[in-house]
Undergrad: 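Sharing a structure, written as structure tokens. Questions coming.
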Amino acid sequence: MERYILTIDQLEELYSIIKDEYKLISPTLKDGVIQYSQNIDFKDLPFGYTQMESAGFYTVKTTDDCYFSYIRPYNSLKQFLRPPKVNFMTVRRIDNNLTFEYHLKYEKYAFFDVRRCDLKALYILDKVFIENKYPDIQYKTVRENMFIVGVNCLKASDVCFCESMDINFEEGYGADIFITEIDKNFLVEVLTEKGKNFLNKIKLKKQQSMNLNKKEEVIEKFKTTIKKKLNTENLKDILYSKIDSPYWEELGKRCLSCTSCTQVCPTCFCFDIREENSLDMKVSERYFVWDSCFNQTFATVHKFNLREKISHRYRQWLMHKMAYWQDQFGTFGCIGCGRCITWCPVKIDIQIETQKLRDL
Amino acid sequence: MILQNPYCLINGKVIKVKRENYNTVSVWIRSDIKPENGQYVIFYGFGRGEAPITVASYNDGISLHTIRIVGDVTGYFNRISEGDDIYLRGPYGNSWDLMEFEGRQIIIISGGLGIAATRWLMEEAIQNRDRFKEVISLYGVKSVDDLLYREEYENWSSKIRFSVIVQNPSEAWSKDVGLITDLIEKVKIDKDCGVFICGPDPMVKAVVNQLYNIGVDKSNIKVSLERHMKCSVGTCGHCMFGPFFVCKDGPVFRFSDIDHFFDKKGV
């Protein structure tokens with residue numbers, strides 16, 4: 001593996017080279033939140049800012065420790081790989097015959113600054129949309145044409161618990177290059193051929209061996225800032241045995257079924273298929289739109305809702321993330337990013353609730 | 001590699017339409033789909049969307065579908081007539097495996113519209129009648145108005161033991177009145193029989209309990225489940241039932257595999 005040390009100026013150069021070639025998505029501070037956005041100037045990366053996040057609470061403040069001072073943005077990559085609304089098909093009626101036009105619109109995306117939790121989320125979504133008997137063309141095409149710059153976190157927020165959710169800190173999870181900030185310089189590890197080509201375009205010196213130990217130090221130091229822990233040993237079997245627990249009713253009383261958690265969750269993939277028709281009934285546009293297992297009609301069969309209580313829907317969500325997912329795809333559906341905790345209006349904390357359920 | 005778009009619809013032709021009762025129609029469709037026994041297809045209604053419909057029978061390019069008119073998409077079938085074009089995709093899901101129980105007693109239990117998913121199975125059992133010790137098919141409905149496939153009863157009864165039970169008493173019905181479980185009580189059931197069930201969840205639950213108490217192993221009971229299979233390719237999440245995607249892991253399940261989740265409300 002090739003490794004380089006970049007100064008902040010060289011990092012900017014790399015950023016602009018990537019931006020020239022791809023539709024670049026990177027974090028920025030906008031509307032009061034740090035979020036992935038398109039076409040952001042290097043100077044508008046949220047360097048020197050950090051989020052304070054806890055259950056139902058979010059604010060951004062300044063800090064001067066380092067450049068990558070913030071944690072993962074509030075939105076995730078699924079926003080771009082599987083946008084909230086996608087027009088996948090147009091149906092036209094001419095006389096009594098239908099014609100179908102299938103759309104495959106995709107961008108050549110690069111993501112700058114993707115944290116390990118979100119990279120793991122992509123790896124999980126790949127299992128849903130690509131490693132399937134019927135791969136999703138749209139997702140697969142975007143995925144195969146994207147460029148990813150991974151970044152090691154320096155500090156966890158109060159909602160982060162990635163370490164508990166099987167995140168491997170040695171693993172690149174499909175990133176093309178991986179950046180670790182060390183003493184205000186940047187160790188760049190090249191993981192793919194695509195990544196190598198980009199690095200070749202700027203003048204760089206190969207790094208000395210001492211920095212590798214420094215990288216381990218940075219990661220170990222990061223791990224000490226993770227306060228949340230979830231015991232996941234035997235979690236699936238334990239949760240399966242708790243499916244009848246009266247505690248779900250308690251959760252159902254608190255949960256508003258607002259779908260906030262499923263929207264910010266980087267692995268929630270459920271969608272609905274909707275039709276939008278022209279008034280003359282000659283054209284029908286068909287869309288994929290994000291759906292949520294918290295929506296009232298989600299599990300409706302013959303107009304009969306199989307999950308009529310909110311407790312049923314919350315159970316479906318938590319059980320899916322923490323247990324069912326393991327049977328379906330061989331991993332947890334949760335990556336411990338804590339977004340659902342931060343954005344829950346009634347402060348339901350999936351880590352606390354899962355831990356409670358296992359301890360009951 | 002050129003990927004097949006899983007949402008591509010193909011064209012079919014309506015060969016015949018038959019009104020079964022006040023809310024259900026049967027349609028025979030000629031198309032290029034090649035279904036297996038127990039699978040389903042997705043029908044598309046222009047401007048309305050899609051609905052999963054089981055294949056009730058199939059022969060030489062013509063498939064039979066029996067549809068209850070409930071929603072926007074199925075409402076489309078209220079107005080369909082012979083010669084119409086129809087658009088569909090599939091087939092999806094796994095299939096019944098009758099031959100797993102070769103040489104043994106076969107019991108097919110259908111409730112209401114569930115008979116649409118067991119009709120082809122019954123036909124297969126009749127065709128291969130001599131490969132099974134006995135074939136019993138029991139069918140239960142709420143009221144006499146709900147009965148489907150009435151013109152077939154005589155034929156089926158002459159080849160296998162086929163009985164119908166109606167829950168609500170009616171002057172128009174002179175045979176058995178009661179629940180499907182009452183009908184099962186009248187039958188001598190082998191402990192090693194193979195059972196195939198399709199019907200509403202509460203019926204399935206009652207029948208499985210009854211058979212289990214007689215000594216039938218839950219792994220010898222196959223159930224076809226109904227959930228809202230929307231995308232049918234295992235990605236939209238609507239048909240999820242416990243850890244299963246009914247669209248791709250089912251619709252046919254071995255009961256012993258789903259036992260833990262089946263009687264839990266809201267799973």
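In what follows, every chain begins at residue 1, and chains take the letters A, B, ... in the order their sequences are listed. Below, each value reflects all heavy atoms present in this structure, side chains not excepted, and no hydrogens, waters or symmetry copies. Keep in mind the model is a prediction, meaning the values are calculated, not measured.
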Undergrad: Near B/K18 NZ, under 6.0 Å, is it more than 12 heavy atoms from other residues, nucleotides or ligands?
TA: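 Atom NZ in B/K18 is packed in, count exceeds 12.
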Undergrad: What part of A/F329 gets within 4.5 angstrom of chain B, counting heavy atoms only: side chain, backbone, both, or neither?
TA: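 Interface part for A/F329: side chain.
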Undergrad: Counting heavy-atom pairs under 4.5 Å with chain B, which one of A/R313, A/Q326, A/R286 comes out on top?
TA: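 Greatest number of close heavy-atom pairs with chain B: A/R286.
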Undergrad: Any idea which of B/C8, B/G234, B/G237, B/A51 has the most non-hydrogen atom pairs under 4.5 angstrom with chain A?
TA: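 So the answer, after comparing B/C8, B/G234, B/G237, B/A51, is B/C8.
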Undergrad: Does atom OH of A/Y247 have more than 12 heavy-atom neighbours from other groups under 6.0 Å away?
TA: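 Yes - once you tally the heavy atoms of other residues, nucleotides and ligands closer than 6.0 Å, there are more than 12.
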Undergrad: Most heavy-atom pairs under 4.5 angstrom with chain A, which of B/R68, B/E226, B/R227?
TA: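 Heavy-atom pairs under 4.5 Å are most numerous for B/E226.
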Undergrad: Counting only heavy atoms not in A/Q296 (residues, nucleotides, ligands), do more than 12 fall under 6.0 Å from its CD?
TA: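 Open: at most 12 neighbouring heavy atoms sit under 6.0 Å from CD of A/Q296.
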Undergrad: Is it true that atom NZ of A/K194 has more than 12 heavy atoms of other residues, nucleotides or ligands lying nearer than 6.0 Å?
TA: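 More than 12 heavy atoms, drawn from other residues, nucleotides or ligands, come within 6.0 Å of this atom.
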Undergrad: Take atom CZ of B/R30 as the centre, draw a 6.0 Å sphere, and report whether it contains more than 12 heavy atoms from other residues, nucleotides or ligands.
TA: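 Open.
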Undergrad: Rounded to the nearest 0.5 Å, how far does CG of A/D291 lie from NZ of B/K230?
TA: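 Interatomic distance, B/K230 NZ to A/D291 CG, rounded to 0.5 Å: 7.0 Å.
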Undergrad: Are B/Y7 and A/I273 side-chain neighbours, meaning at least one heavy-atom pair lies under 4.5 Å?
TA: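 Heavy-atom side-chain distance check passes, below 4.5 Å.
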Undergrad: Rounded to the nearest 0.5 Å, how far does CD1 of A/I130 lie from OG1 of B/T235?
TA: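 Going from the OG1 atom of B/T235 to the CD1 atom of A/I130 covers 12.0 Å.
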Undergrad: Can you check whether B/Y92 reaches A/K133 side chain to side chain, under 4.5 Å on heavy atoms?
TA: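 Contact flag for B/Y92/A/K133 side chains = no.
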Undergrad: Give me the atom names and distance for the closest heavy-atom approach of A/F298 to B/C236.
TA: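 Closest pair (atom of A/F298, atom of B/C236, distance): CZ-O, 4.1 Å.
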Undergrad: If you count heavy atoms of other groups shown closer than 6.0 angstrom to OH of B/Y212, is the number above 12?
TA: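 Atom OH in B/Y212 is not crowded, with 12 or fewer foreign heavy atoms closer than 6.0 Å.
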Undergrad: Say you draw a straight line from OH of B/Y87 to CG of A/N97; how long is it, rounded to the nearest 0.5 Å?
TA: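 Between B/Y87 OH and A/N97 CG, I get 5.5 Å after rounding to 0.5 Å.
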Undergrad: Rounded to the nearest 0.5 Å, how far apart are CZ of A/F100 and CG of B/L9?
TA: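 Spacing of CZ (A/F100) from CG (B/L9) equals 4.5 Å.
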Undergrad: Out of A/N96, A/L306, A/D327, which one racks up the most heavy-atom pairs below 4.5 Å with chain B?
TA: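 Top option by heavy-atom pairs under 4.5 Å: A/L306.
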Undergrad: What distance separates A/F88 CZ from B/N5 CG, expressed to the nearest 0.5 Å?
TA: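 One gets 8.0 Å once the value is rounded to the nearest 0.5 Å.
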Undergrad: Identify which part of A/E308 has an atom lying under 4.5 Å from any heavy atom of chain B, answering side chain, backbone, both or neither.
TA: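 Contact with chain B involves the side chain of A/E308 alone.
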Undergrad: Give the C-alpha distance, both sets of side-chain angles, the deciding distance and a yes or no for side chain to side chain contact (heavy atoms under 4.5 Å, CB included) between B/V267 and A/Y324.
TA: CA-CA 11 Å; B/V267 169; A/Y324 299 158; 3.8 Å; yes
Undergrad: Give a yes or no on whether B/R79 atom CZ has more than 12 heavy-atom contacts from other residues, nucleotides or ligands under 6.0 Å away.
TA: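 Not buried by this count: 12 neighbours or fewer within 6.0 Å.
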Undergrad: Got A/M89 and B/Y44 here, is their nearest side-chain heavy-atom distance under 4.5 Å?
TA: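 No. Closest side-chain heavy atoms not under 4.5 Å.
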Undergrad: Measuring heavy-atom distances to chain B, does A/K127 have an atom under 4.5 Å in its side chain, in its backbone, in both, or in neither?
TA: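 Neither; nothing under 4.5 Å.
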Undergrad: Let's test your reading of the structure: which of A/H320, A/M319, A/E275 forms the most heavy-atom pairs below 4.5 Å with chain B?
TA: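 Most heavy-atom pairs under 4.5 Å with chain B: A/E275.
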Undergrad: Side chain, backbone, both or neither: which part of A/D272 has a non-hydrogen atom closer than 4.5 Å to chain B?
TA: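 A/D272 touches chain B through backbone and side-chain heavy atoms alike.
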Undergrad: Can you measure from NE2 (A/H312) to NZ (B/K264) and round to the nearest 0.5 angstrom?
TA: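 Output value for this atom pair is 12.5 Å.
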Undergrad: How about B/R48 and A/N277: do any of their side-chain heavy atoms sit closer than 4.5 Å?
TA: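 No, too far: nothing below the 4.5 Å cut-off.
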Undergrad: Counting only heavy atoms closer than 4.5 Å, note whether B/C239 contacts chain A via side chain, backbone, both or neither.
TA: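 Contact with chain A involves no heavy atom of B/C239 at all.
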Undergrad: Is the number of heavy atoms from other residues, nucleotides or ligands within 6.0 Å of NZ (A/K309) greater than 12?
TA: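 Count not over threshold, so no.
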Undergrad: Got A/Y134 and B/S232 here, is their nearest side-chain heavy-atom distance under 4.5 Å?
TA: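 No - every pair of side-chain heavy atoms lies 4.5 Å or more apart.
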Undergrad: On a heavy-atom basis, which atom in A/S284 and which in B/G47 lie closest, and how many Å separate them?
TA: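 For A/S284 and B/G47, the tightest heavy-atom pair comes out as OG-CA, 3.7 Å.
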Undergrad: Parallel under 30°, tilted from 30 to 60°, perpendicular over 60°: which one fits the rings of A/F269 and B/F245?
TA: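 A/F269 vs B/F245 ring planes: tilted.
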Undergrad: Quick check for you: among B/V70, B/D201, B/D84, which has the greatest number of heavy-atom pairs under 4.5 Å with chain A?
TA: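 With the most close heavy-atom pairs to chain A, the winner is B/V70.
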Undergrad: Answer with side chain, backbone, both or neither: which region of A/F288 has an atom nearer than 4.5 Å to a non-hydrogen atom of chain B?
TA: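 Only the side chain of A/F288 comes within 4.5 Å of chain B.
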Undergrad: Where on B/I69 is there a heavy atom nearer than 4.5 Å to chain A: the side chain, the backbone, both, or neither?
TA: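 Interface part for B/I69: neither.
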Undergrad: Answer whether the closest heavy-atom distance between the side chains of B/C231 and A/F271 falls below 4.5 Å.
TA: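 A side-chain contact exists here, since the closest heavy-atom pair is under 4.5 Å.
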Undergrad: Going by heavy atoms in the side chains, are B/M240 and A/Q316 under 4.5 Å from each other?
TA: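 In contact.
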Undergrad: Is there a side-chain contact between A/M281 and B/F46 in this structure, where contact means two heavy atoms from C-beta onward sitting under 4.5 Å apart?
TA: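 Side-chain contact under 4.5 Å: yes.
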Undergrad: Between A/V301, A/T300, A/T297, which is the residue that forms a side-chain contact (heavy atoms from CB on, under 4.5 Å) with B/H228?
TA: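 So, applying the side-chain contact (heavy atoms from CB on, under 4.5 Å) to B/H228 and each of A/V301, A/T300, A/T297, only A/V301 qualifies.
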